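Being a predicted model, the structure only gives us computed values, none of them experimental. So that the names make sense, note that chain A is the first sequence line, chain B the second, and so on, each numbered from 1.
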Amino acid sequence: MSFNHQEIEKKWQKKWDDTRSGIVSESTNKKDSLYYLIMFPYPSGSGLHVGHVESYAAIDILARYQRMKGKNVMVPIGYDSFGLPAENYAIKTGVHPSKTTKTAINTFRQQMKSVGLAFDWDREISTSDPEYYKWTQWLFLLFYKNGLAYRKKSAVNWCNSCSTVLANEQVVAGCCERCKSEVVQKDLEQWFFKTTKYTEDLLSGLDDLDWPSKIKAMQKNWIGKSEGTNIKFKIKNSKSQVEVFTTRPDTIFGATYIVLAPENPLVDEIVLKEHKEEISKYTKNAQKKSALERTELQKIKTGVFTGSYVINPVNNEEIPVWVADYVMMGYGTGAIMAVPAHDERDFEFAEKYSLEIRKVVKSDDDTKERCFSKDGISLNSDFLNGLKTSDAKKKIIKWLSEKEAGDSMTTYRIRDWLVSRQRYWGAPIPIIWCDKCGDVPVEEENLPVLLPEDVDFKPTGESPLVGSKTFHDVKCPKCGNDARRESDTIDTFVDSSWYHLRYCDPKNKKVFADKSKIDYWCPVDLYIGGAEHAVMHLLYARFFAHALNDLGYIKFKEPFTKLRNQGLILGPDGEKMSKSSGNVVNPDTIVLEYGADAIRIYEMFMGPLEDEKPWDIKGVVGIRRFLDRAWKVRSKINKTESDELDKLMHKTIKKVGDDFEVLKFNTAISQLMIMTNAMMEAESVTKKTYQSFIKLLAPLAPHLAEEVWEELGNTKSVFSDGWPTYDKDKLVDETITLAIQINGKMRATIIISPNASKDEARLIALDDEKINSYIKGKDLKEIIYVPGRIMNIVVK
RNA sequence: GGGCGAGUGGUGGAAUUGGUAUACACGAGGGACUUAAAAUCCCUUGGAGGAAACUCCGUGCGGGUUCGAGUCCCGCCUCGCCCACCA
């Protein structure tokens with residue numbers, strides 16, 4: 001006999017929807033509040049994925065568990081609904097993104113409800129909703145007014161395929177993070193957020209976070225702090241100087257040439273007439289190259305001599321200045337001093353162009369032909385000779401700074417966040433351009449700046465908003481003259497940088513969220529999502545929190561106290577699920593055939609939450625069998641049960657609770673299976689024990705638990721009756737099997753009290769026939785006894 | 001090149017953080033029920049040897065520490081992910 005999951009699910013899902021019991025979270029003065037958050041989904045047309053179900057089920061189970069323990073838990077849900085897929089779909093089909101988005105959201109909601117997720121539906125938000133993006137625009141203006149949003153012309157990443165600029169974080173190995181096509185450099189005037197204002201805070205803030213070390217490392221890596229020295233080389237026959245950045249100032253006596261990045265503004269200034277043509281050809285060519293080409297591995301280094309020389313401050317030597325695209329403008333000062341004897345890249349370049357290679361650091365291994373880039377002892381370096389690299393660095397920095405020829409300098413890889421996009425489906429940037437007044441912010445009472453409907457979606461390199469008749473032309477709020485709106489939209493990563501704040505107070509019309517409500521819920525106690533957001537969303541959201549903290553809007557700097565990444569669920573073939581491989585598992589069909597409880601438990605039972613693991617439909621069948629057995633235990637209910645069963649129940653209560661606390665759902669489920677098997681084997685089970693079991697199962701299998709609970713004669717929800725408690729005395733057994741090792745090898749077991757003394761244990765062990773056969777005729781050297789764990793008899 | 005992580009049965013994975021390796025589940029084999037199948041229930045299931053009691057081997061490889069190592073240390077191998085001409 002099997003239970004009818006379809007009927008049960010329909011019944012309880014309706015009941016939960018009607019009563020909203022235990023789901024709606026109020027900010028009260030109750031202290032025990034928890035804020036659990038999952039990274040909200042992009043509502044794609046293909047619907048909910050089994051990967052979504054994994055993290056959502058995990059959060060849902062924890063939330064239900066904590067609510068049973070009396071905590072006030074908020075688990076909100078919403079949709080990251082602005083973005084390119086809907087817009088690209090519109091370009092192809094002509095269907096407006098708002099329409100497809102609405103449909104997709106309805107599908108998502110229905111699917112999430114079908115797996116019994118107890119989200120607080122009253123807090124549902126959607127980033128493309130004007131009620132939401134009004135506040136995205138408001139925050140943009142807040143940043144603008146406080147100097148955290150600014151406009152600047154610079155070389156930016158441009159994706160031809162997406163027809164928009166991209167932030168540095170959205171360029172992966174020279175390609176667009178979204179569409180994987182090549183990214184090129186363009187000189188454009190764009191809007192930026194000043195993330196670099198909080199660089200050090202973003203770095204140090206990582207220390208106290210309970211986040212996977214990998215994500216912390218990635219953020220650290222991305223911020224890319226590098227401590228080195230800025231050295232000034234005077235240009236011969238000029239008042240100007242070249243500033244270079246190096247982490248090895250101790251090798252300055254080995255600097256045999258200088259390299260400028262092609263984009264370095266100094267190039268034009270110092271290049272000699274006879275070299276001008278060649279240089280401009282080279283720099284133009286370099287600019288045309290994509291970031292991918294520039295950084296391509298094994299690339300043959302190229303460069304051109306400028307004709308100019310600089311003076312080395314330590315020995316007044318004249319050093320030639322070259323331009324080469326192996327030096328990047330975006331890092332350090334866009335110029336380096338080349339020390340070919342001690343840097344691989346410089347070595348390669350020097351060999352090619354026959355530049356001097358001068359050794360100034362002694363290596364441990366002189367037989368090596370190639371350059372030596374590790375630390376060693378300085379030589380051929382005048383006053384640095386004989387010093388260890390670390391000491392030489394100190395000495396030269398002191399020397400340079402005294403001569404005002406250089407100083408310590410810290411550089412970072414992180415750049416300000418480019419937030420404008422030349423695309424339609426996003427929040428319009430709330431700025432008005434006036435010929436007289438320049439850029440003027442839209443007044444607060446005129447927010448939101450609504451997305452116009454009368455646009456041609458086709459990207460032209462300009463924002464599609466440019467073509468709108470209703471949108472573009474406005475009066476300047478300052479002077480009243482004819483003006484035009486900024487037509488770019490805001491990067492959708494801005495939308496998702498503050499949604500966790502809006503959840504605290506999603507319907508507020510006066511502020512983005514009431515301060516007291518943010519104080520009550522935030523920061524987020526547990527955040528679950530994919531690791532792919534390591535340096536984009538998570539860094540941006542942290543920046544927002546740091547900025548809003550700085551501006552006095554929130555009390556905390558770090559928005560997500562604890563973070564966990566769910567592992568990827570692979571297809572049955574062990575490959576990443578994708579439409580093209582045809583290995584995508586649709587949760588709907590699983591829910592229909594095996595039930596919502598089965599898919600929830602199966603996804604938790606597959607393995608540790610953070611691991612990558614393949615889908616196996618046989619596993620779902622196994623879980624369904626377990627649920628059927630758990631259901632069938634009802635027929636065993638009687639007045640009595642064995643002591644062993646009672647004890648096992650208490651152990652199970654402890655184990656399941658402990659495992660939930662640390663998100664080890666797989667072992668919690670395994671314990672429930674052990675309990676179920678024991679109940680099925682038992683003569684009878686008391687109602688009390690079975691009810692406790694059902695409560696433990698309830699967070700995992702809420703539908704089944706509610707149904708059984710009601711059948712057992714309870715009138716209120718199983719979730720309203722509290723989490724079972726265990727009796728400590730019942731966790732220990734009167735006797736246990738103790739493993740006996742002889743010389744470290746497991747040889748026998750004895751039955752003994754877990755807290756027997758060493759003498760007692762020794763007596764029993766030495767009385768054992770089998771043990772005796774091993775130690776007969778040998779010298780007993782030592783007996784190691786760990787009560788309740790092991791005894792090791794050492795003989796010779 | 002740098003950083004992070006992982007290697008345990010046929011498979012997914014357990015192992016109280018140094019104490020009976022392989023819990024739980026899947027799969028496989030055998031049996032019961034059935035006209036038959038499905039479902040369900042019971043038994044077996046790391047490898048090798050043995051009729052059996054039992055013995056030996058066994059957590060990627062090689063060392064080490066320890067009474068005792070999947071777990072700690074040193075040196076390798078393999079795989080995965082992230083970053084990378086970062087000066």
[atom1] atom, [N] versus [M]: distance in rounded Å?
N     : M     : atom1 : answer
B/G58 : B/A48 : P     : 15 Å
B/G29 : B/C77 : P     : 42 Å
B/U11 : B/G27 : P     : 15 Å
B/C41 : B/G62 : P     : 43 Å
B/C83 : B/U17 : P     : 37 Å
B/G60 : B/C56 : P     : 22 Å
B/U8  : B/U22 : C1'   : 7 Å
B/A69 : B/G1  : P     : 35 Å

Starting from [atom2] on [N], measure out to [atom1] on [X] and report it in whole angstrom.
X      : N     : atom1 : atom2 : result
A/I669 : B/G12 : CD1   : C1'   : 13 Å
A/I601 : B/C26 : CD1   : C1'   : 16 Å
A/E610 : B/A6  : CD    : P     : 11 Å
A/L570 : B/G80 : CG    : C1'   : 11 Å
A/M675 : B/A25 : CE    : P     : 14 Å
A/K664 : B/G13 : NZ    : P     : 14 Å
A/E575 : B/G80 : CD    : P     : 11 Å
A/K214 : B/G80 : NZ    : P     : 14 Å

N or O in side chain of A/Y774 less than 4.0 angstrom from B/U55 OP1/OP2: yes
Does A/R625 place a side-chain N or O at less than 4.0 Å from the phosphate oxygens OP1/OP2 of B/G27? yes
Closest to the [X] side chain, choosing from [options]:
X      : options             : value
A/A217 : B/G3, B/C41, B/A84  : B/G3
A/M218 : B/G3, B/C82, B/A84  : B/C82
A/P614 : B/A14, B/C81, B/G12 : B/G12
A/M673 : B/A25, B/A84, B/A14 : B/A25

A/W417 ring centre to A/R415 NZ or CZ under 6.0 Å, with the angle to the axis within 45°? no
Would A/K301 and A/Y326 count as a cation-pi pair here, with the cationic atom under 6.0 angstrom from the ring centre and within 45° of the axis? yes
Residue of the set A/Y353, A/F349, A/F233 for which ring-ring contact (aromatic ring centres under 6.0 Å, His included) holds with A/Y257: A/F349
Along RNA chain B (nearest heavy atom to each residue), the more 5'-positioned of A/N221 and A/G607: A/G607
When A/S213 and A/I336 are each assigned the nearest nucleotide of RNA chain B, the 5'-most assignment goes to A/S213
Just wondering, do A/E575 and A/L570 contact through their side chains at under 4.5 Å, heavy atoms? no
4.5 Å side-chain heavy-atom contact, A/T676 and A/F626: yes
Under a 3.5 Å cut-off for both contacts, is [N] paired Watson-Crick or G-U wobble with anything, and if yes, with which nucleotide?
N     : result
B/U35 : none
B/G19 : B/C67
B/A87 : none
B/C76 : B/G60
B/U55 : B/A48
B/A25 : B/U11

Classify the nucleic acid contact of [X] as base, sugar-phosphate or nothing, counting any heavy atom under 4.0 Å across all strands shown.
X      : result
A/K745 : sugar-phosphate
A/I674 : sugar-phosphate
A/N677 : sugar-phosphate
A/R624 : nothing
A/P212 : nothing
A/Y257 : nothing
A/E612 : sugar-phosphate
A/G332 : nothing
A/D346 : nothing

Below 4.0 angstrom, N of the basic side chain to O of the carboxylate: do [X] and [Y] qualify?
X      : Y      : answer
A/D407 : A/K232 : no
A/R248 : A/D343 : no
A/D628 : A/K632 : no
A/K225 : A/E200 : yes

Mind telling me whether B/U16 is syn or anti, cutoff 90° either side of 0? anti
Torsion-based syn/anti label for B/G13, 90° from 0 as limit: anti
Does A/K778 have more than 12 heavy atoms from other residues, nucleotides or ligands lying within 6.0 Å of its NZ? no
In terms of heavy-atom contacts, does CZ of A/R413 have more than 12 from other residues, nucleotides or ligands at under 6.0 Å? yes
Check: protein-nucleotides 18-22 of chain B nitrogen or oxygen pairs below 3.5 Å:
unit_1: B/G19; atom_1: N2; unit_2: A/Q741; atom_2: OE1; d: 3.3
unit_1: B/U20; atom_1: O4; unit_2: A/T737; atom_2: O; d: 3.3
unit_1: B/U20; atom_1: O4; unit_2: A/T737; atom_2: OG1; d: 3.2

